[in-house]
Amino acid sequence: MAELPLAAHAAPVGGTPPIPRVPAAFYVRDPREVAVDLLNKVLVHNDPVHGPISGRIVEAEAYLGVGLDPGSHAFRGPGKRNATMFGPPGRLYVYFTYGMHWCSNVVCNPAGAGGAVLMRALAPLEGMEAMWSRRPKARRERDLCSGPGKLAQALGLTGALDGTDLSAGPVFLLDDGTPPPSRPGNSVRIGISIGKGEESPWRWWVPGDPNVSGPPPRPR
DNA sequence: GGTGTGATCGTA
DNA sequence: ACGATCACACCA
């Protein structure tokens, strides 16, 4: 797929209206609403070395606030790793897992509640060369961003960016006018074990997009 | 296409 | 001990 011309810097180009960032109020809602509305928004990392790297969000999962959702990092309240979840909404929560992967979330709810949306897959748009170089094991385009660890690696999102304000930082979200699907795919979340909210159907995706990791997982 | 398993380490 | 995972081996 050819790269689309995308005003990732939000710098007005002559004759072309800038693509607006998602407004701050967008995030001050239940993560389940935010997750659906994040579908088809564009995640951008204005990388200091590679320049803009971006993709359209095609899969997301909601994780609720403190005490509500045993599958959520916020369930037991703030700690060292998840402190960002309890700060202001509209920030990037990046955590390290399985001893080797980074995963990226958007903080939701009013400050202090906890709760976030995990971005699970992107359709690559911009900076594909940087994505390929950061993910040398990828064979096909859909190997670049088809999972939370993969998209974080492709975009260069690490713990150094945890807490980034999406309305000001080098990582942000754009609304280019593409609405969420009227009928998004929906299933239980991936990787949640039995007794930790595995029955909660809080995963959503853009139907038919090749970057989405397969249909509903079996509980484990 | 599918399933099963090892890697690797911060947090609890 | 256990992960909000990935890659690779192997079978079909």
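Proteins come first, then strands; the chains are lettered A, B, ... in the order of their sequence lines, and each starts at number 1. FYI, side chains are in, hydrogens and waters are out, and symmetry mates aren't considered; it's all heavy atoms of this structure.
Using a 4.5 Å cut-off on side-chain heavy atoms (C-beta onward), A/L161 and A/S104 make no contact.
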Distances under 3.5 Å between nitrogen or oxygen atoms of protein and nucleotides 9-12 of chain C:
none

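Residue pairs satisfying the salt bridge (charged side-chain N to carboxylate O under 4.0 Å, His left out) criterion with at least one member in residues 39-55 of chain A, sequence neighbours excluded, are listed as follows: A/D47-A/R134. For residues 105-119 of chain A, the set of pairs meeting the side-chain hydrogen bond (donor to acceptor under 3.5 Å, both in side chains) definition, not counting sequence neighbours, is empty. Within the structure, side-chain hydrogen bond (donor to acceptor under 3.5 Å, both in side chains) contacts touching residues 30-39 of chain A (residues at least two apart or in different chains) are A/R29-A/D37, A/D30-A/R32. Pairs engaging residues 125-148 of chain A under the ring-ring contact (aromatic ring centres under 6.0 Å, His included) rule: none recorded [sequence neighbours left out]. For residues 64-84 of chain A, the pairs satisfying salt bridge (charged side-chain N to carboxylate O under 4.0 Å, His left out) are A/D69-A/R189, with sequence neighbours left out.
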Once pairs are restricted to Watson-Crick or G-U wobble with both distances under 3.5 Å, how does DNA chain C read as a dot-bracket string, [ ] for crossings and | for other-strand pairs?
|||.|||||||.
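Rounded to whole angstrom, the span from the CG atom of A/L144 across to the P atom of C/dA7 amounts to 10 Å. Here the C1' atom of nucleotide C/dC6 and the NZ atom of A/K137 are 8 Å apart, to the nearest Å. Distance CG (A/L151) to C1' (C/dA4): 12 Å, rounded to an integer number of Å. A straight line from CZ of A/R142 to C1' of B/dG1 spans 12 Å, rounded to a whole angstrom. Atom CE of A/M85 and atom P of C/dA4 are 11 Å apart (whole Å). Whole-Å rounding puts the A/R140 CZ to C/dA7 P distance at 11 Å. Going from atom CG of A/N211 over to atom P of C/dC6 covers 13 Å, rounded to whole Å. If you measure from atom CD of A/E198 to atom P of C/dG3, you get 12 Å, rounded to the nearest angstrom.
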Under 4.0 Å protein heavy-atom contacts per nucleotide of nucleotides 5-12 of chain B, with B for base, S for backbone only and - for none:
--BBB-SS
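Contact annotation: A/R203 side-chain N/O to C/dA4 OP1/OP2 distance is not under 4.0 Å.
In terms of heavy atoms, A/N82 sits closest to A/G77 at ND2-O, 3.0 Å.
A/G149 comes within contact range of the sugar-phosphate backbone alone, with a heavy-atom separation under 4.0 Å but no base atom that close. Residue-level contact check: A/R135 touches the backbone only, with heavy atoms under 4.0 Å from sugar-phosphate atoms and none from bases.
Each of A/L118 and A/A138 was assigned the nucleotide of DNA chain C with the nearest heavy atom; the assignment lying further toward the 5' end belongs to A/L118.
Looking at A/F96, A/Y95, A/Y63 one by one, the single match for ring-ring contact (aromatic ring centres under 6.0 Å, His included) with A/H73 turns out to be A/Y95.
Listed by chain and residue number, A/N40, A/R56, A/D176 satisfy the side-chain contact (heavy atoms from CB on, under 4.5 Å) test with A/T178 (two or more places apart in sequence, or in another chain). Contacts of A/R139 classified as salt bridge (Lys or Arg N to Asp or Glu O under 4.0 Å), with partners at least two apart in sequence or in another chain: none. Scored by the ring-ring contact (aromatic ring centres under 6.0 Å, His included) test, A/F75 finds no partners at all (sequence neighbours excluded). Legend: residues meeting salt bridge (Lys or Arg N to Asp or Glu O under 4.0 Å) with A/D143, ordered by chain and number and at least two apart, are A/R140.
Each of C/dG3, C/dA7, C/dA4 was ranked by its minimum atom distance to the side chain of A/K196; first place goes to C/dG3.
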